[in-house]
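This structure is a prediction, so every number in the text was calculated from the model and none was measured. Each residue takes its place number in the sequence, starting with 1.
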Amino acid sequence: MADIRPFSAYRPAPGWAGKIAALPYDVYNREEATRIVEENPYSFLAIDRAETGFGPEVDTYAPVVYERAAKLLDSRIREGCFIREEAPCFYLYEQDLGVRRQAGLVVGASIDDYLQGVIKKHENTRADKEQDRIRHVDVCDMQTGPIFLACRRNLEIRELIAGIRKRDVIMDFVSEDQIRHRVWAVSEEETIRSIQEAFHKVPALYIADGHHRCASAVKVGLLRRQQQPGYTGQEPFNRILAVVFPEDELSILDYNRLVRDLNGYTVAEFLQRVARSFQVEDVGQIPYRPQEKGSFGMYLEGTWYRLTARETIRHKDLVEDLDVSLLQNHLLGPVLGIQDPRTDKRIDFVGGIRGLEELVRRVDTDMKVAFSLYPTSIRELLDVADAGRLMPPKSTWFEPKLRSGLFLHRLGG
């Protein structure tokens, strides 16, 4: 059962949240992050991506980068940009897009729950990406970006969230993408106990987004345990900064694909190869957004096509019948030669938040063909994780993204 704890967060001082809050560190490349920090030096990206304070001659992963992150964080705290909660709290973090909103509980999750499989994953992680965040968390002595967790639908948790929403907020701001962010604090023992008891009945939590951050937080915690062999399990380093959302609060957007060339085929040859596994229908110049599983859009040389997976390639296996698997296993791999989408430089991925127009723009400039996908469902993600299976890379795009810098978890107490 899920073990969650309140914690004494560092959070933006009144009036600072809107200036500090930043999208996750891995949303941007170095140039984009640098531009944002130049425009707003107080953006948390200045700490999460401290290489923005150096010229391009300094490597992104140089020791001096992590040292700068720690010094800048301490400076911001001394400057009064952040305050520390006197008592351990849970928080409710709501993001309102206007058309819908999502709210999750900010908690200290357990590294032992991760090690024992109570916190379940649906993606593998890469050691190099883990190492970056391990060094950042360890040197800063702070977890700075929350892990995005989900739990299955739970009436008790939903009722607790509804009750917390009736309180006075401690943060309320609108970010540059016009999303309203609101935060409530929960510090009284009775409600804290009710939240913990509700989660003790939850058999599993699921990583929706932030696999590398989660794995890195766990490994830093294990490192601290080695350094402190007399640890009791109550130390802050045994906890993972996380926001837990009930599944019915969440929506997954499409995660689309772009490929740089046709792997040596002419357009006619390529379409013939695709037709072996998919029905191909010319739908003109209007961008095609798939309306059901097994259907795909394809943009090639100014024309959109609707691709429908033939029954011969549909699969009873949970993972193999995911749309991302059908596209990879029956088109991207065998036809376009994209054998490993994690490392192949010929493929790129575009989150659905950018719209199908971004696919058109890229194909008309630097890519050859684009594929729009029907979104993976949250239920598919949970079922795959429960089965102990993994999804193909870039299967899910959650929107909105959690902001970094709103809740900081000090590992040293």
Side-chain angles (χ1 to χ4, degrees), residues 7-28 30 32-53 65-66 68-85 89-96 104-108 132-133 135-149 169-185 209-210 212-214 216-217 220 236 239-243 398-411:
F7 65 103
S8 296
Y10 285 88
R11 59 179 176 86
W16 278 94
K19 182 168 284 192
I20 289 172
L23 287 167
Y25 73 97
D26 53 357
V27 169
Y28 303 103
R30 182 167 180 167
E32 291 169 335
T34 299
R35 184 172 63 253
I36 289 172
V37 172
E38 287 174 348
E39 294 172 354
N40 175 18
Y42 284 95
S43 167
F44 203 78
L45 274 179
I47 295 166
D48 257 354
R49 297 289 297 271
E51 72 272 19
T52 57
V65 170
Y66 303 99
R68 175 181 173 80
K71 291 177 181 177
L72 189 55
L73 178 56
D74 289 343
S75 173
R76 293 285 189 259
I77 293 172
R78 291 195 306 271
E79 192 177 337
C81 301
F82 294 91
I83 58 175
R84 190 172 195 184
E85 212 73 65
C89 293
F90 288 127
Y91 301 88
L92 180 66
Y93 177 23
E94 178 189 86
Q95 297 169 298
D96 189 343
L105 289 162
V106 186
V107 307
D132 168 48
R133 286 302 101 177
R135 295 173 69 186
H136 191 276
V137 171
D138 195 33
V139 174
C140 290
D141 192 40
M142 196 86 79
Q143 293 170 6
T144 60
I147 313 307
F148 194 143
L149 297 180
V169 298
I170 62 169
M171 292 185 231
D172 188 347
F173 66 95
V174 177
S175 52
E176 67 283 350
D177 51 3
Q178 301 308 303
I179 295 173
R180 185 181 184 187
H181 304 258
R182 295 198 294 171
V183 176
W184 296 260
D209 197 10
H212 288 91
R213 275 171 281 153
C214 191
S216 301
V220 173
R239 295 282 140 187
I240 306 166
L241 175 63
V243 187
F398 284 90
E399 195 70 32
K401 302 290 186 184
L402 304 182
R403 263 40 179 195
S404 295
L406 297 182
F407 315 96
L408 309 180
H409 175 46
R410 176 76 77 184
L411 300 186

Task: Any residue meeting side chain to side chain contact (heavy atoms under 4.5 Å, CB included) with A17, in chain and number order, not counting sequence neighbours - done: P12, M171, F173, L406
Task: Atom pair CD (E51) and OH (Y25), whose distance is rounded to the nearest 0.5 Å - done: 11.0 Å
TODO: Applying side chain to side chain donor-acceptor pair (under 3.5 Å), name anything that partners R11, two or more places apart in sequence or on another chain.
DONE: E85
Task: Distance, nearest 0.5 Å, that separates CG of L23 from CG of L402 - done: 10.0 Å
Open item on the list: I'd like to check the salt bridge (charged side-chain N to carboxylate O under 4.0 Å, His left out) partners of R68; sequence neighbours left out, ordered by chain and number.
Closed with: none
Open item on the list: To check you understand the geometry: which heavy-atom pair defines the closest contact between G108 and R239, and what is its length?
Closed with: O-NH1, 3.1 Å
- [ ] Using salt bridge (charged side-chain N to carboxylate O under 4.0 Å, His left out) as the criterion, list what pairs up with D209, not counting sequence neighbours.
- [x] K401
- [ ] Could you list the residues that satisfy ring-ring contact (aromatic ring centres under 6.0 Å, His included) with F148, not counting sequence neighbours?
- [x] F245, F398
Open item on the list: Determine whether a donor-acceptor pair (N or O, by modelled atom type, separation under 3.5 Å) exists between the side chain of R84 and the backbone of S8.
Closed with: yes
Task: Under 3.5 Å: donor-acceptor pair, side chain of R49, backbone of Y28 - done: yes
Task: Approximate separation, where rounding is to 0.5 Å, of M142 CE and H409 NE2 - done: 10.0 Å
Task: Set of side chain to side chain donor-acceptor pair (under 3.5 Å) partners for E94, sequence neighbours left out - done: R101, R165, R182
- [ ] Working to the nearest 0.5 Å, report the span between CD1 of I47 and CZ of R76.
- [x] 6.0 Å
- [ ] Can you measure from SG (C81) to CH2 (W16) and round to the nearest 0.5 angstrom?
- [x] 4.0 Å
Open item on the list: Tell me every residue that passes salt bridge (charged side-chain N to carboxylate O under 4.0 Å, His left out) with D132, counting only those two or more places apart in sequence or in another chain.
Closed with: none
List the atom pairs, with distances to 0.1 Å, where a side-chain N or O of residues 32-42 and a protein N or O form a donor-acceptor pair under 3.5 Å, not counting sequence neighbours.
unit_1	atom_1	unit_2	atom_2	d
E32	OE1	N29	N	3.0
T34	OG1	R30	O	2.8
N40	OD1	Y42	N	3.1
N40	ND2	K19	O	2.8
Y42	OH	E79	OE2	2.5

- [ ] List the atom of P146, the atom of R213, and the distance in Å for their closest heavy-atom pair.
- [x] O-NH1, 2.8 Å
Task: side chain to side chain contact (heavy atoms under 4.5 Å, CB included) partners for V106, two or more places apart - done: F7, Y91, Y93, L241, V243, F407
Task: Residues in side chain to side chain contact (heavy atoms under 4.5 Å, CB included) contact with A242, at least two apart in sequence or another chain - done: V107, A109, I147, L149
Task: For the student: nearest non-hydrogen atoms of G145 and S404, plus distance - done: CA-OG, 3.7 Å
Open item on the list: Just to verify, what does D96 make a salt bridge (charged side-chain N to carboxylate O under 4.0 Å, His left out) with, not counting sequence neighbours?
Closed with: none
Open item on the list: Can you confirm whether F82 sits close enough to I20 that some side-chain heavy atom of one is under 4.5 Å from a side-chain heavy atom of the other?
Closed with: yes
Open item on the list: Minimum heavy-atom separation for L408 and L73, please, with both atom names.
Closed with: CD1-CD1, 3.8 Å
- [ ] Would you check if V220 and L411 make a side-chain contact, meaning some heavy-atom pair closer than 4.5 Å?
- [x] yes
- [ ] Taking the side chain as every heavy atom from C-beta outward, state whether R410 and P236 have any atom pair closer than 4.5 Å.
- [x] no
Open item on the list: Once rounded to the nearest 0.5 Å, what's the spacing between atom CG of D26 and atom NE2 of H212?
Closed with: 9.0 Å
Task: Test side chain to side chain contact (heavy atoms under 4.5 Å, CB included) applied to S216 - qualifying residues, sequence neighbours left out - done: E130, R133, I134
TODO: Take V183 and L92 through the side-chain contact (heavy atoms from CB on, under 4.5 Å) test and state the conclusion after the steps.
DONE: CA-CA 6 Å; V183 176; L92 180 66; over 6 Å; no
